[in-house]
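What follows is a short report on a single structure.
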Amino acid sequence: MNMAAGSGFRTAGTVLERAFFERPAPVVAENLMGKSLCRRSEGAIDRLTLNEVEAYDGFEDRASHAHRGRTLRNAVMFGRPGVCYVYLCYGIHWMLNIVTGPQDFPGAVLLRGAGAFSGPGRLTKGLGIDGSMNQRPAIPRSGLWLEDGGIVVGRRDIQRTARVGVDYAGPRWSRRKWRWVWSGGQQT
DNA sequence: TAAGTGATCTCT
DNA sequence: GAGATCACTTAA
């Protein structure tokens with residue numbers, strides 16, 4: 001049992017470096033559970049525990065923006081790991097992703113839930129994240145980064161399900177269990 | 001259950 | 001340039 005998690009208070013942890021993200025998106029996604037999404041705005045720092053993520057990986061994943069190849073919008077997915085990929089969905093909601101995998105291989109993890117925020121659009125709205133964060137590295141200097149706060153999430157506490165809203169991708173990809181949910185991680 | 005909303009992509 | 005699509009949310 002993690003002391004910090006138990007007390008509901010967390011100090012700064014270890015910043016996740018590029019090497020953490022330089023792995024396949026599903027691996028990064030699973031390992032992001034329980035990590036802290038950190039946001040600095042107006043001098044204050046918020047640290048929220050990640051509890052829901054999805055992986056989008058490679059050219060063949062028909063649910064991924066990159067499956068048709070590189071375009072102006074998804075170019076960041078082909079770039080350096082650990083960089084933010086933020087885009088507007090349905091004309092209203094900003095989606096926050098972190099680029100994964102090696103250079104030139106498109107992959108990203110969609111951050112869908114952290115702390116009390118449930119849903120990718122609500123998360124970005126709550127943290128004041130918009131398109132201006134696109135293509136910026138997820139490091140403290142950018143005001144948005146990830147930390148390992150020492151919280152260990154048991155595998156039994158994580159549910160793996162199909163990704164949300166990707167029925168169009170066909171059964172092979174829409175049914176793939178590339179969504180991770182930690183139901184116990186919504187307190188902070 | 002369906003509308004809102006606008007950038008992006010594909011096809012003409 | 002037009003039309004379809006979309007990794008969502010909210011109000012009914």
Side-chain angles (χ1 to χ4, degrees), chain A residues 16 20-35 37 39 46 48-101 104-138 144-146 158-183 185-186:
Chain A
L16 299 182
F20 179 92
F21 300 100
E22 201 160 18
R23 297 180 289 173
V27 175
V28 174
E30 181 168 9
N31 282 284
L32 275 175
M33 301 259 73
K35 299 294 189 293
L37 176 61
R39 175 66 164 155
D46 288 321
L48 304 174
T49 305
L50 283 169
N51 53 49
E52 184 180 348
V53 300
E54 285 179 358
Y56 293 85
D57 201 39
F59 297 91
E60 294 184 25
D61 180 3
R62 289 182 56 197
S64 169
H65 288 171
H67 87 277
R68 288 178 196 272
R70 188 177 186 137
T71 67
L72 196 59
R73 178 177 68 161
N74 67 25
V76 64
M77 291 181 72
F78 292 75
R80 295 169 57 143
V83 172
C84 297
Y85 172 36
V86 183
Y87 68 92
L88 191 64
C89 183
Y90 296 103
I92 304 173
H93 307 290
W94 292 105
M95 301 287 112
L96 171 62
N97 301 251
I98 307 295
V99 175
T100 63
D104 297 324
F105 184 87
V109 173
L110 170 65
L111 307 185
R112 296 184 54 93
F117 296 116
S118 179
R122 288 172 157 181
L123 178 65
T124 53
K125 185 180 179 184
L127 292 177
I129 294 166
D130 61 20
S132 65
M133 282 303 302
N134 191 36
Q135 301 187 19
R136 299 190 60 183
L144 181 69
W145 69 100
L146 292 129
I158 297 177
Q159 295 182 24
R160 282 188 66 171
T161 76
R163 292 171 292 181
V164 173
V166 295
D167 289 344
Y168 63 88
R172 179 181 170 194
W173 296 101
S174 65
R175 292 177 191 167
R176 188 158 295 213
K177 293 186 175 179
W178 275 3
R179 173 175 175 245
W180 285 259
V181 182
W182 176 31
S183 53
Q186 293 166 0

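What you see is a predicted model, and the numbers here were worked out from it, not measured in a lab. Letters A, B, ... are given to chains in the order of the sequence lines, protein chains preceding strands, and every chain is numbered from 1. Any value given below was found using the heavy atoms of this structure, including those in side chains, with hydrogens, waters and symmetry copies removed.
- Side-chain proximity of A:T71 to the nucleotides B:dC9, C:dC8, C:dA7 is greatest for B:dC9.
- In this entry the distance linking OH of A:Y168 with C1' of B:dC9 reads 13 Å, nearest Å.
- A:Y56 qualifies as a stacking partner of the C:dA7 base, centre to centre under 5.5 Å and near-parallel within 30°.
- Going from atom NE2 of A:H93 over to atom P of C:dT9 covers 6 Å, rounded to whole Å.
- One interatomic measurement links the two molecules: CG of A:L123 to P of C:dT9, which rounds to 10 Å at whole-angstrom precision.
- For A:H67 and B:dT10, the NE2 to C1' distance is 12 Å, given to the nearest whole Å.
- Here the side chain of A:T124 pairs a donor or acceptor atom with the backbone of A:W94 at under 3.5 angstrom.
- Ionic pairing of A:R172 and A:E60 is present here: one or more N-O contacts between side-chain nitrogen and carboxylate oxygen are shorter than 4.0 angstrom.
- Atoms CD1 and CG, on A:I129 and A:L96 in that order, are 5.0 Å from each other to the nearest 0.5 Å.
- Atom C1' of nucleotide C:dA7 and atom CG of A:D61 are separated by 10 Å, given to the nearest angstrom.
- A:L110 places its CG atom 5 Å from the C1' atom of C:dA7, with the value rounded to the nearest Å.
- The pairing partner recorded for B:dC11 is C:dG1, the criterion being a Watson-Crick or G-U wobble arrangement whose two distances lie under 3.5 angstrom.
- Nearer to the 5' terminus of DNA chain C, by closest-nucleotide assignment, is the contact made by A:V166 (compared with the other of A:R122 and A:V166).
- Scanning atom types as modelled, no donor and acceptor separated by under 3.5 angstrom connect the side chain of A:Y87 and the base of B:dA7.
- The listed nucleotides are B:dA7, B:dC9, C:dC6; the one nearest the side chain of A:L88 is B:dA7.
- We find that A:R176 and A:D57 are not joined by a salt bridge, their nearest charged nitrogen and carboxylate oxygen being 4.0 Å or further apart.
- Panel note: side chain A:N51, backbone A:G115; a donor-acceptor pair is recorded below 3.5 Å.
- Going from atom CZ of A:R68 over to atom C1' of B:dC9 covers 8 Å, rounded to whole Å.
- Distance A:R176 CZ to C:dA7 P: 17 Å, rounded to the nearest Å.
- Residue A:R73 is classed as a sugar-phosphate contact, given heavy-atom separations below 4.0 Å to backbone atoms only.
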